[in-house]
Q: 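Questions regarding the structure given below will be posed in turn.
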Amino acid sequence: MTPARAGVSLFLLGLVCLVVVVLRVERVQLEARTQAHLGELIEQRRRAWNMQIEMARLRSPVQICERIEVMDIEVGAVFDEMIVSDTGHQQLASNRR
């Protein structure tokens, strides 16, 4: 093998090694971005879940009042005051009086 061929072969081998390193670096960066996006996705799902829980908690006094009306149960003023303080809806308490 002539020195020119050996030089070209070494150059090509070095170039291939450099390409492999660049591709590995890019893969690591993409994996890091993927993990970051996955973390954001999990956080968004957690927020959505917490909002659903909060909506259910806020709806429950209205549903309780509707069930009380359907069952025609007498409820004292203490219960009505708890509904007003919890939801801020004065009309819920005034419906029962």
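Residue indices begin at 1 and follow the sequence shown.
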Q: Under 4.5 Å between any side-chain heavy atoms of Val21 and Arg24, yes or no?
A: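 No, too far: nothing below the 4.5 Å cut-off.
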Q: One pair to check against side-chain contact (heavy atoms from CB on, under 4.5 Å): Arg27 and Leu30. What are the steps and the verdict?
A: CA-CA 5 Å; Arg27 190 191 77 201; Leu30 288 175; 5.7 Å; no
Q: Give me the other members of the hydrophobic cluster that Val19 sits in, counting Ile, Leu, Val, Met, Phe, Trp and Tyr linked by side-chain heavy atoms under 4.5 Å, directly or via other members.
A: Leu23
Q: List the residues meeting side chain to side chain contact (heavy atoms under 4.5 Å, CB included) with Leu18, not counting sequence neighbours, and say none if there are none.
A: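 With sequence neighbours excluded, Leu18 shows a side chain to side chain contact (heavy atoms under 4.5 Å, CB included) to no residue whatsoever.
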Q: Check the surroundings of atom CD in Glu31: do more than 12 heavy atoms from other residues, nucleotides or ligands lie under 6.0 Å from it?
A: yes
Q: side-chain contact (heavy atoms from CB on, under 4.5 Å) with Ile42: which of Arg46, Gln44, Glu40, Arg45?
A: Arg46
